[in-house]
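As structure tokens, the structure follows; a few thoughts come after it.
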Amino acid sequence: MEINFPLGFLWGAATSSHQVEGGNINDWSQWEKNNAERLASEAKNKWQSWQQEKFPAMFELQNYISSQACDHYNRWQEDFDMAKSLGHNAHRFSLEWSRIEPKKGEFDQAAIDHYSQMISGLGKRGMEPFVTINHFSLPQWFANMGGWESQEAVLCFGKFVDHLAKTLGHQITFWLTLNEPWIYIVNSYWRGVWPPQKRSWWRCLRVYKNLFNAHKTAYNIIKSYHPEAQVGLAENNVYFEGWLSGPAHWLVNRQFLSLSGQRLDFIGVNYYFHNKIKGFNFRKNDNHQVSDLGWELYPKGLFYVLRRLKKYRKPIYITEGGLADARDLQRANFIKSQLFYISEALAEGVDVRGYFYWSLLDNFEWDKGFWPRFGLAEIDYKTQERKIRSSAWEYAKICKENKLII
Ligand code: BGC
């Protein structure tokens, strides 16, 4: 079967600053130093024996310290050349707030110049930039102030966005204000497994309100300078199945989107999870196929997620979809299945306009560190050598031909 994608469909991969750049000094880099030892010792109880055997790096302290990561801050040209050779015509990445505003109110022109060069570097290679303003990591001064809980948070974020709109705005069409606000709240303030590890419902609500206002503020600021800009946000979407799926769906996938109302020019969908609910138990999945992280591979869920988004009548970009698969045994089929279900959604009239595989490179997977390997390219963290995985070439064929053959 041959499936043609709409003309102008965007094909690419995504990264985020803290996960790939290396050398960042922010709330995460500090937290990593304080928690690496604990995380390495907790691995024994956290992961199943097959994972422990396959990924002994999870017991090493260094696994949990981002340090030089993929050194993408210095190697971006090489990485963008690789993406181009893989037929990508778009690329999603994020700006590192701690580099651009290392001290409150003081902006670093060298960092702005750096990102400006990256954006024009994408243009020169025929790739459309999708720029995320904030992908989880925060400057230390902002975290010290109380982070997203602070009463000043939205104001500070607004000043940052204002600076970006003035300095980089002329180069960017597609902006994502925030990455997965819900996931951030859950991990940082509900489960308390990410910095600042402050668990409380009250804090969750305060952070929710601030993130929501931050999105609105950023939207308004960018539009005031650049009315033609397309501003959206990347939302984690879970496909829920079972009797409680309605409320779960609304709570996890919909509230932020619905409340954003008119302040969204497009919807960014990050899809990783299926969640079958049986009785009052969540995550009762069949798990026929799982990734290295033990996450169920359920590409069809993307179809259901997309179908439910149709009612918003907005363009949709899949801003993340991917899996940890160090041996590259499942990646090519997984990508193809996701694309097949996107084509099914297109056939039902859902306006999907692009797909960004997560991720271009193996990278620093937050509190899990380096052992989960999501990349189209494998990284040797000792030498920084990049090796393109064979699934990346299969995806490249689809990108280049704008066509999926299955
Ligand atoms: C995040 C990425 C992360 C990926 C895989 C998404 O929730 O945006 O930063 O690496 O999932 O866990």
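We number each residue from 1, following the sequence as shown.
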Discussion item. Can you tell me how the ring of Phe157 sits relative to the ring of Phe160, calling it parallel under 30°, perpendicular over 60° and tilted otherwise?
Written reply: tilted
Practice prompt. Could you walk me through whether Asp328 and Arg331 pass the salt bridge (Lys or Arg N to Asp or Glu O under 4.0 Å) test, one step at a time?
Written response: CA-CA 6 Å; Asp328 206 32; Arg331 188 173 283 104; 2.7 Å; yes
Response to the item:
Closest non-hydrogen atoms of Leu178 and Leu211, given as atom of the first, atom of the second and distance, are CD1-O, 3.4 Å
Worksheet entry | Heavy-atom neighbours of Arg38 CZ exceed 12 at 6.0 Å | yes
Worksheet item: For the residue pair Ala69 and Phe370, what are the closest heavy atoms and their distance?
Response: CA-CZ, 3.8 Å
Worksheet item: Any chance CD of Glu228 has more than 12 other-residue heavy atoms, nucleotides or ligands included, within less than 6.0 Å?
Response: yes
Worksheet entry | Interatomic spacing from CZ in Phe174 to CD in Glu128 - rounded to 0.5 Å | 5.0 Å
Worksheet item: Given Phe340 and Lys336, is the side-chain contact (heavy atoms from CB on, under 4.5 Å) satisfied, shown in steps?
Response: CA-CA 6 Å; Phe340 170 75; Lys336 287 180 192 168; over 6 Å; no
Discussion item. Heavy-atom count check: over 12 atoms from other residues, nucleotides or ligands less than 6.0 Å from Gln52 CD?
Written reply: yes
Practice prompt. Please round to the nearest 0.5 Å and tell me the distance separating atom CG of Leu122 and atom NE2 of His91.
Written response: 6.0 Å
Worksheet item: Do Trp358 and Tyr271 make the cut of ring centroids closer than 6.0 angstrom?
Response: no
Item to complete: Applying ring pair (Phe, Tyr, Trp, His ring centres under 6.0 Å), run through Phe55 and Trp47 and close with a yes or a no.
Response: CA-CA 10 Å; Phe55 302 105; Trp47 302 102; 9.2 Å; no
Worksheet entry | Over 12 foreign heavy atoms within 6.0 Å of CG, Leu205 | yes
Practice prompt. Kindly give the heavy-atom pair with the smallest separation between Val290 and Leu297, and that separation in Å.
Written response: C-CG, 4.0 Å
Worksheet item: Is the backbone of Leu329 close enough, under 3.5 Å, to the side chain of Asp325 for a donor and an acceptor to pair up by distance?
Response: yes
Response to the item:
Exactly one of Arg308, Arg254, Glu320 clears side chain to side chain donor-acceptor pair (under 3.5 Å) with Asn237, and that residue is Arg254
Worksheet item: Taking the side chain as C-beta and beyond, is there a heavy-atom pair between Glu235 and Pro181 under 4.5 Å?
Response: yes
Practice prompt. Applying salt bridge (Lys or Arg N to Asp or Glu O under 4.0 Å), run through Lys223 and Asp265 and close with a yes or a no.
Written response: CA-CA 10 Å; Lys223 288 297 216 183; Asp265 299 324; 2.8 Å; yes
Discussion item. Heavy-atom count check: over 12 atoms from other residues, nucleotides or ligands less than 6.0 Å from Lys46 NZ?
Written reply: yes
Discussion item. Determine whether Asn134 and Trp97 satisfy the following criterion, side-chain hydrogen bond (donor to acceptor under 3.5 Å, both in side chains), listing intermediate values before the conclusion.
Written reply: CA-CA 7 Å; Asn134 185 247; Trp97 188 358; over 6 Å; no
Fill in: Criterion ring pair (Phe, Tyr, Trp, His ring centres under 6.0 Å) on His18 and Phe136, from CA distance to verdict
CA-CA 8 Å; His18 189 65; Phe136 301 148; over 10 Å; no
Worksheet item: When you look at Tyr395 and Trp393, which way does the ring pair (Phe, Tyr, Trp, His ring centres under 6.0 Å) test go after all the steps?
Response: CA-CA 5 Å; Tyr395 177 46; Trp393 291 114; over 10 Å; no
Item to complete: Salt-bridge test for Asp292 and Arg373: reply yes if a basic N is under 4.0 Å from a carboxylate O, no otherwise.
Response: no
Fill in: For Ala392 against Leu86, the heavy-atom pair lying closest together
O-CD2, 3.8 Å
Fill in: Axial cation check for Tyr73 ring with Arg99, 6.0 Å and 45° limits
yes
Worksheet entry | Near-ring test Tyr357/His88, centroid separation under 6.0 angstrom | no
Worksheet item: Does any non-hydrogen side-chain atom of Glu344 lie less than 4.5 Å from one of Leu306?
Response: no
Discussion item. Taking the six-membered ring for Trp, are Phe107 and His163 closer than 6.0 Å centroid to centroid?
Written reply: yes
Item to complete: Could you please spell out the steps behind the side-chain hydrogen bond (donor to acceptor under 3.5 Å, both in side chains) verdict for Gln197 and Ser188?
Response: CA-CA 5 Å; Gln197 288 192 285; Ser188 297; over 6 Å; no
Practice prompt. Taking the six-membered ring for Trp and the single ring otherwise, decide whether the centroids of Phe9 and Trp11 are under 6.0 Å apart.
Written response: yes
Worksheet item: When the ring planes of Tyr341 and Phe303 are compared, do they come out parallel, tilted or perpendicular, using 30° and 60° as the limits?
Response: tilted
Worksheet item: Looking only at heavy atoms, what is the nearest atom pair of Ala324 and Pro372, with distance?
Response: CB-CB, 4.0 Å
Item to complete: Side-chain contact test, heavy atoms from C-beta onward, threshold under 4.5 Å: evaluate it for Thr132 versus Arg92 and give yes or no.
Response: yes
Discussion item. Walk me through whether Gln140 and Ser98 qualify under side-chain hydrogen bond (donor to acceptor under 3.5 Å, both in side chains).
Written reply: CA-CA 7 Å; Gln140 195 58 61; Ser98 65; over 6 Å; no
Worksheet item: Quick one: CZ on Phe364 to OG on Ser29, what's the gap to the nearest 0.5 Å?
Response: 9.5 Å
Worksheet item: Would the Tyr317 and Phe356 ring centres measure less than 6.0 Å apart?
Response: no
Worksheet item: How would you list, by chain and number, every residue that makes a ring-ring contact (aromatic ring centres under 6.0 Å, His included) with Phe273, sequence neighbours excluded?
Response: Trp295
Response to the item:
Taken to the nearest 0.5 Å, the spacing of Lys166 NZ from Ile221 CD1 works out to 9.5 Å
Worksheet item: Out of curiosity, Asn275 CG to Arg283 CZ, how far, rounded to the nearest 0.5 Å?
Response: 6.0 Å
Practice prompt. Any chance you could lay out the side-chain hydrogen bond (donor to acceptor under 3.5 Å, both in side chains) test for Tyr225 and Asp162, step after step, and finish with the verdict?
Written response: CA-CA 9 Å; Tyr225 287 100; Asp162 189 82; 2.8 Å; yes
Worksheet entry | Derivation and outcome, salt bridge (Lys or Arg N to Asp or Glu O under 4.0 Å), residues Asp79 and Arg386 | CA-CA 9 Å; Asp79 293 338; Arg386 276 84 168 127; 2.8 Å; yes
Worksheet item: Hey, do the aromatic rings of Trp194 and Trp31 have their centres closer than 6.0 Å?
Response: no
Discussion item. Under the criterion salt bridge (Lys or Arg N to Asp or Glu O under 4.0 Å), I'd like the reasoning laid out for Asp351 against Arg353: C-alpha separation, chi angles, the key distance, then a yes or no.
Written reply: CA-CA 6 Å; Asp351 187 8; Arg353 299 193 183 178; 2.8 Å; yes
Worksheet item: For the atom pair CZ (Arg75) and CD (Gln68), what is the distance rounded to the nearest 0.5 Å?
Response: 9.0 Å
Worksheet item: Which atoms form the tightest heavy-atom contact between Leu168 and Tyr115, and what is the distance?
Response: CD1-CB, 4.2 Å
Discussion item. Taking NZ in Lys159 as the centre, count heavy atoms belonging to other residues, nucleotides or ligands within less than 6.0 Å. Is the count above 12?
Written reply: no
Discussion item. How about NZ on Lys387, more than 12 heavy atoms from neighbouring residues, nucleotides or ligands closer than 6.0 Å, or not?
Written reply: no
Practice prompt. Answer yes or no: does atom NZ of Lys403 have more than 12 heavy-atom neighbours from other residues, nucleotides or ligands under 6.0 Å?
Written response: yes
Worksheet entry | Worked check of ring pair (Phe, Tyr, Trp, His ring centres under 6.0 Å) between Tyr208 and Phe256 | CA-CA 9 Å; Tyr208 182 95; Phe256 215 90; 5.5 Å; yes
